[in-house]
Asks: 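Shown below is the structure under consideration.
Just so it is clear, the values below take in all heavy atoms, side chains as well, and ignore hydrogens, waters and symmetry mates. The sequence lines fix the lettering, A, B, ..., with proteins before strands; numbering per chain opens at 1.
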Amino acid sequence: MAENPKISPAFEPFLADSRPNDKRDAIVIYKAPTNESMNVRGRLRELKARLDYVKEQASIQQPVQETLSDNYRKASKSIQPNKQFEVGKIGSSALPVASAEVTRKTLTALAEQPDVVAVMPNQRIRLIQPKEVDYSALIKQEVKDGLTWGLKMLDIPKMWSTTRGEDINVAVLDTGVHGEHSALNDRVKDFIIIDPLGRRITAKPTFDAGQHGTHVCGTIAGGKTPESVSIGVAPGANLLVAGVLVGDATLRTLMEGISWAVEKGADIINMSLGFSYYEPLFAEVFDILVEQYSILPVVAIGNENHGNSSSPGNAHSAFSVGAVEKMPYNKTKVASFSSGASLVFPDQDENALVTKPDVVAPGAQVYSCIPPEKRPDGTYEYTYMDGTSMATPHVAGIAALLMAAKPAAPVEDIISALKDTAKHPANGQNRPDNRWGYGLVQPVEALKAL
Amino acid sequence: MKNTETKARRSKISHEFALRIDNLEADEAVRAIVLLNIRGNNEFKGKRQDRAQRQLAVEGMHKAGMDALGEIEGILKEFHGKLLSEHPDALGSIHVEATADGIRALAESDWVKTIFEDQKIHPRFC
């Protein structure tokens, strides 16, 4: 083990196994004076200012690096007189890091230089690839069942004996939709693109700027795949789709999309989206939708893991949805990525404690439609996706079924029925919590409660 | 004017947005959504609406919002800001561009319920 704490423990195999003259590339971090001409915590947004700063910092660091190189050359010469060891630049020297070649003995000499902070072996880096999931068993089961695991878990076919969501308008504010998909046959009743300037642009045929919107639409109102797997919760519901996540989307785009959905007669608005930072006052918008227009907004809580939540799903009046994943023996657990947290406002009389999510629904390994995607082995029109984005349309679809079955039920009653009948592992005790909220939605029970 | 949080401002602008405007230069403008303090047609409140009722409810919001525009425009003009929407939308919101002082002045108006920064949005899948 290296005695000098400046030498990275990652050198241990090299120190243990290498011969005295074996070389290894190293990265050296050294101390350099700070450039005080500019407050680095201030604004570095202007490119020119940033470049000037980098140049100045590099000029400050250069003499330090040259001294370091000279000292290392001299020290290593006394150890290995026949070889020359130097410290080299990395990039423009904007950072106080340099490259060096070391042997077992010169490594110690390099680390002993007073300006050296740390020496690490150079090593290969790699992309962190998404984990490959084997869906073959799940596909087989879903084909056998004739429906996705989420629809099965929620007992959706039982609801279809009462209604399939006919005449209920579900607005989807997302990346758009590939409305010509066979699974969405005639379900998309209206479509608009909201550009980053907030302008409404009519586009025919419909299109999806990604895959997200089409996948979400499929979970709400999709029909069957060619293998006869039902993917949509409310296959009779109408979809009103606004492409608000196209290009550099901002809150303005979303507000315009919400306003469009209101004008078009939406009963439910699905928002599988999030903001960049916390905005609790968006609760006012949800209040207007529920109180003034009797519209149910359903919002994803986010994929930032337990202990976190994000806007707009964490606004006190949001009806927010977390994700559960399928486990063996017909069980579910809250997906590790699914956000959940409580926010505390001690100076407020109302909503002093906001606990999110409100409910959870299937949001991992969710099979739904996508715009046709050409891959080396063929064209794909369906795929699995994970996220609270996928859990949210399950709840929007369930709300459509409940609204169709109970046309006079106020939105507040539908929200209460979904929360009250949700199934929590603690059997109704100690809920809501930050993982399950009130629990996994139970549409059949919610319908009975209305 | 910086860092002087009145009660009205505190409740109409989120803490994060307030911090962000406190860090703006005096002449730097920010785009924001102003939610107007208006109420539409109360006749349909709490009731599921058919298409015709929805249109009446939307018109009620538009009409109520137009009454507020004069004062909002006046405030914006005073602080070298501008209105970016022609009229309030169905939610009673308008899009504006204003300096930090302009945003603070808007927050003092009785016509204003809330102000949000026009921040970025993104989808929620893994």
Asks: If only atom types and distance count, is the side chain of Ser276(A) paired as donor or acceptor with the main-chain N or O of Lys120(B) below 3.5 Å?
Replies: yes

Asks: Please report the closest heavy-atom contact between Asp118(B) and Thr250(A), naming both atoms and the distance.
Replies: OD1-OG1, 2.7 Å

Asks: Using a cut-off of under 4.5 Å on heavy-atom pairs, state which of Gly210(A), Ala335(A), Ala364(A), Ser310(A) scores highest against chain B.
Replies: Ser310(A)

Asks: Checking heavy atoms, do the side chain of Ile33(B), its backbone, both or neither come under 4.5 Å from chain A?
Replies: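 It is the side chain, since no backbone atom gets that close.
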
Asks: Looking only at heavy atoms and a cut-off of under 4.5 Å, which of Ala266(A), Ala300(A), Pro312(A), Pro196(A) has the most pairs with chain B?
Replies: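 Looking at each option in turn, the highest pair count goes to Ala266(A).
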
Asks: Measure distances from Gln55(B) to the heavy atoms of chain A and classify the residue's part below 4.5 Å as side chain, backbone, both or neither.
Replies: side chain

Asks: Are the charged groups of Arg252(A) and Glu117(B) less than 4.0 angstrom apart, N to O?
Replies: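 Salt bridge absent between Arg252(A) and Glu117(B).
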
Asks: Mind ranking Arg31(B), Gln53(B), Met61(B) by heavy-atom pairs under 4.5 Å with chain A and telling me who comes out on top?
Replies: Met61(B)

Asks: Counting only N and O atoms by type, is there a donor-acceptor contact under 3.5 Å from the side chain of Arg54(B) to the main-chain atoms of Tyr293(A)?
Replies: yes

Asks: Relative to chain A, which segment of His122(B) carries a heavy atom at a distance below 4.5 Å: side chain, backbone, both, or neither?
Replies: both

Asks: Is the number of heavy atoms from other residues, nucleotides or ligands under 6.0 Å of Asp167(A) CG greater than 12?
Replies: no

Asks: Please flag which part of Ser311(A) lies under 4.5 Å from any non-hydrogen atom of chain B: side chain, backbone, both or neither.
Replies: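 For Ser311(A), the contact with chain B is made by the backbone alone.
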
Asks: Sort Asp413(A) into side chain, backbone, both or neither according to what part of it lies under 4.5 angstrom from a heavy atom of chain B.
Replies: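 Neither; nothing under 4.5 Å.
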
Asks: As an exercise: rank Thr253(A), Ile295(A), Asn169(A), Leu197(A) by heavy-atom pairs under 4.5 Å with chain B and give me the winner.
Replies: Ile295(A)

Asks: Kindly indicate, with the supporting measurements, whether the criterion side chain to side chain contact (heavy atoms under 4.5 Å, CB included) is fulfilled by His15(B) and Glu279(A).
Replies: CA-CA 8 Å; His15(B) 181 69; Glu279(A) 183 47 272; over 6 Å; no

Asks: Could you tell me which non-hydrogen atom of Ile121(B) sits nearest to which non-hydrogen atom of Leu251(A), and how far apart they are?
Replies: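 What the structure gives for the nearest pair is CG2-N, 4.0 Å.
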
Asks: Do you know which of Asp248(A), Val216(A), Asp174(A) has the most heavy-atom pairs with chain B at a distance under 4.5 angstrom?
Replies: Asp248(A)

Asks: As an exercise, state the distance from CZ of Arg51(B) to CD of Glu263(A), rounded to the nearest 0.5 Å.
Replies: 9.5 Å

Asks: Which bit of Leu296(A) is near chain B, if near means a heavy-atom gap under 4.5 Å: side chain, backbone, both or neither?
Replies: neither

Asks: Minimum heavy-atom separation for Glu284(A) to Thr114(B), with atom names?
Replies: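 That would be CG-OG1, 3.3 Å.
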
Asks: For residues 70-79 of chain B, dump all side-chain donor-acceptor pairs below 3.5 Å to protein atoms at least two apart in sequence or in another chain.
Replies:
unit_1, atom_1, unit_2, atom_2, d
Glu71(B), OE1, Trp111(B), NE1, 3.4
Glu71(B), OE2, Ser109(B), OG, 2.8

Asks: Apply side chain to side chain contact (heavy atoms under 4.5 Å, CB included) to Phe116(B) and Val285(A), showing your working.
Replies: CA-CA 11 Å; Phe116(B) 313 119; Val285(A) 173; 3.8 Å; yes

Asks: Quick one: what part of Met271(A) sits under 4.5 Å from any heavy atom of chain B, side chain, backbone, both or neither?
Replies: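 Neither part; nothing is under 4.5 Å.
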
Asks: Please find the pair of heavy atoms, one from Tyr277(A) and one from Arg20(B), that lie closest to each other, and give the distance.
Replies: CE2-NE, 3.4 Å

Asks: Less than 4.5 Å apart, any side-chain heavy atom of Leu245(A) and any of Pro123(B)?
Replies: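 Yes. Closest side-chain heavy atoms under 4.5 Å.
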
Asks: Where does Met385(A) contact chain B at under 4.5 Å (heavy atoms): side chain, backbone, both or neither?
Replies: side chain

Asks: Quick check on the interface: out of His215(A), Glu304(A), Met403(A), who has the most heavy-atom pairs with chain B under 4.5 Å?
Replies: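 Result: the option with the highest number of such pairs is Met403(A).
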
Asks: Please classify the contact between Ala261(A) and chain B as side chain, backbone, both or neither, with a heavy-atom cut-off of under 4.5 Å.
Replies: backbone

Asks: Given that the side chain runs from C-beta out, which part of Gln348(A) has a heavy atom under 4.5 Å from chain B: side chain, backbone, both or neither?
Replies: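 Neither part.
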
Asks: Any donor-acceptor pair under 3.5 Å linking the side chain of Gln49(B) with the backbone of Gln292(A)?
Replies: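 Yes, the answer is positive, given that a donor and an acceptor are paired below the 3.5 Å cut-off.
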
Asks: Once you round to the nearest 0.5 Å, how far does CD of Gln119(B) lie from CZ of Phe282(A)?
Replies: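 One finds 9.5 Å between CD of Gln119(B) and CZ of Phe282(A).
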
Asks: Taking Gly363(A), Gly302(A), Pro280(A) one by one, which has the highest count of heavy-atom pairs under 4.5 Å against chain B?
Replies: Gly302(A)

Asks: Does any heavy atom of chain B fall under 4.5 Å from the side chain of Phe337(A), the backbone, both, or neither of them?
Replies: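 The side chain, not the backbone.
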
Asks: Need one label for Arg48(B): side chain, backbone, both or neither, based on atoms under 4.5 Å from any heavy atom in chain A.
Replies: both

Asks: Indicate the atoms forming the closest heavy-atom contact of Leu91(B) with Ile288(A), along with that distance.
Replies: O-CD1, 3.4 Å

Asks: When only heavy atoms count and the cut-off is under 4.5 Å, which of residues 80-90 of chain B reach chain A?
Replies: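 Near chain A, by residue number: Leu84(B), Asp89(B), Ala90(B).
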
